[in-house]
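These numbers come from a predicted model, not from an experiment. Counting starts at 1 for both ligands and their atoms, following the listed order. Just so you know, these numbers use all the heavy atoms, side chains as well, and skip hydrogens, waters and symmetry mates.
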Amino acid sequence: MVEDEESITEPLAEALDREGFETSVAGTVADALESARREPPDLVLLDVMLPDGSGYDVCRELRRDSEVPIIMLTARGEETDRIVGLELGADDYVVKPFSAREVVARIRAVLRRSAGGREDGPGGPLEVAELQLDPARRSATLGGEELELTRREFELLELLMREAGSVVTRERLIDEVWDVNWFGSTKTLDVHVSSLRRKLGEDPAQPRFIHTVRGVGFRLAGPDEL
Ligand code: CA
């Protein structure tokens with residue numbers, strides 16, 4: 001738990017303890033990075049406003065070499081906060097003031113998703129025009145150039161490539177890439193798709209790969225269209 005306000009950390013740590021989680025608290029950016037190095041956590045709850053910097057810096061730093069699930073603790077009304085966090089690779093967010101119960105539910109959903117995602121083992125490599133993706137190697141390239149994708153972006157792209165040429169509904173994307181019990185805003189999906197488009201160098205006015213099917217979902221162009 002990375003948070004400097006004891007009025008939040010103390011009751012939350014107690015609630016998590018009762019649920020069987022072992023919690024350690026870091027109150028600063030420096031402390032968070034140091035303890036993550038010393039003892040890699042299974043999940044990170046991350047506040048945005050910290051005394052020596054921003055939780056975004058912690059998120060960015062952790063994402064350099066780790067896919068540890070991250071849940072941002074964000075202030076009410078700060079929608080841009082949530083979007084920035086998700087773009088930096090956070091998995092979900094909760095809005096303050098939150099109940100311990102809500103946080104526990106999010107933690108369980110995120111952990112279930114990150115543990116259960118690969119039960120059947122990764123599928124084979126995919127190729128659509130100059131776009132290539134290899135689930136086993138967690139690698140995606142465009143014209144031979146490696147794409148730096150977050151876990152969610154990678155899974156979105158994988159699903160869209162698997163179904164290239166066909167529409168994948170918003171519901172299915174959310175179900176398969178997040179969790180069936182996911183109760184965040186569906187805006188999260190749009191944020192990830194636009195970030196993915198940007199990384200693919202798409203022209204938002206005239207996307208080449210990922211097409212929006214209004215009211216339904218998204219479609220990756222089939223090889224015959226590219
Ligand atoms: Ca704070």
Side-chain angles (χ1 to χ4, degrees), residues 1-115 148-153 174 177-179 181-192 194-195 198:
M1 196 186 309
V2 185
E3 167 66 89
D4 56 315
E5 288 158 63
E6 283 181 10
S7 63
I8 293 178
T9 56
E10 283 182 1
L12 193 51
E14 267 174 41
L16 290 173
D17 184 59
R18 277 197 302 274
E19 295 287 331
F21 295 104
E22 200 179 307
T23 318
S24 69
V25 178
T28 62
V29 170
D31 198 9
L33 295 176
E34 161 61 23
S35 51
R37 253 189 307 271
R38 204 176 47 235
E39 199 179 348
D42 298 312
L43 182 136
V44 179
L45 293 175
L46 183 55
D47 183 35
V48 178
M49 299 281 282
L50 296 165
D52 59 338
S54 157
Y56 300 138
D57 299 330
V58 177
C59 187
R60 195 180 289 117
E61 208 48 50
L62 291 176
R63 276 291 171 266
R64 275 182 207 278
D65 54 12
S66 152
E67 293 202 337
V68 61
I70 298 175
I71 299 177
M72 303 291 302
L73 309 175
T74 62
R76 185 166 49 175
E78 298 295 321
E79 176 134 61
T80 42
D81 274 11
R82 285 167 237 158
I83 292 172
V84 171
L86 296 172
E87 284 185 345
L88 289 174
D91 295 273
D92 205 349
Y93 57 82
V94 284
V95 180
K96 291 179 185 178
F98 42 72
S99 65
R101 204 171 155 176
E102 185 185 357
V103 176
V104 169
R106 294 296 177 95
I107 289 175
R108 293 209 188 281
V110 166
L111 288 178
R112 194 163 47 235
R113 174 63 212 165
S114 60
E148 299 283 334
L149 305 180
T150 66
R151 186 173 72 215
R152 302 300 188 201
E153 289 163 359
I174 288 172
V177 176
W178 279 269
D179 188 272
N181 300 314
W182 189 65
F183 46 107
S185 140
T186 62
K187 176 130 189 146
T188 301
L189 173 62
D190 297 293
V191 170
H192 282 82
S194 48
S195 169
R198 205 163 38 243

Task: E5 atom OE2 and E3 atom OE2 as seen from the Ca ion (ligand 1), angle to 10 degrees - done: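 About 70°, to the nearest ten degrees.
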Task: OD1 (D4) to the Ca ion (ligand 1) to O (M49) angle, given to the nearest 10 degrees - done: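 So the angle at the metal works out to 90°.
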- [ ] Before accepting this row, confirm whether a basic side-chain N of the pair E3/K96 lies closer than 4.0 Å to the acidic partner's carboxylate O.
- [x]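 Judged by the 4.0 Å cut-off on N to carboxylate O distance, E3 and K96 do form a salt bridge.
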Task: Residues which pass side chain to side chain contact (heavy atoms under 4.5 Å, CB included) with V25, listed by chain and number, not counting sequence neighbours - done: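 V25 satisfies side chain to side chain contact (heavy atoms under 4.5 Å, CB included) with M1, T9 only.
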Task: Heteroatom of D47 nearest to the Ca ion (ligand 1) (N, O or S, atom name) - done: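 Result: OD2.
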Open item on the list: For S195 and E153: C-alpha separation, side-chain torsions, deciding distance, then whether side-chain hydrogen bond (donor to acceptor under 3.5 Å, both in side chains) applies.
Closed with: CA-CA 8 Å; S195 169; E153 289 163 359; 2.5 Å; yes
TODO: For E14, check salt bridge (charged side-chain N to carboxylate O under 4.0 Å, His left out) against everything at least two apart and list the hits.
DONE: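 Here no residue qualifies.
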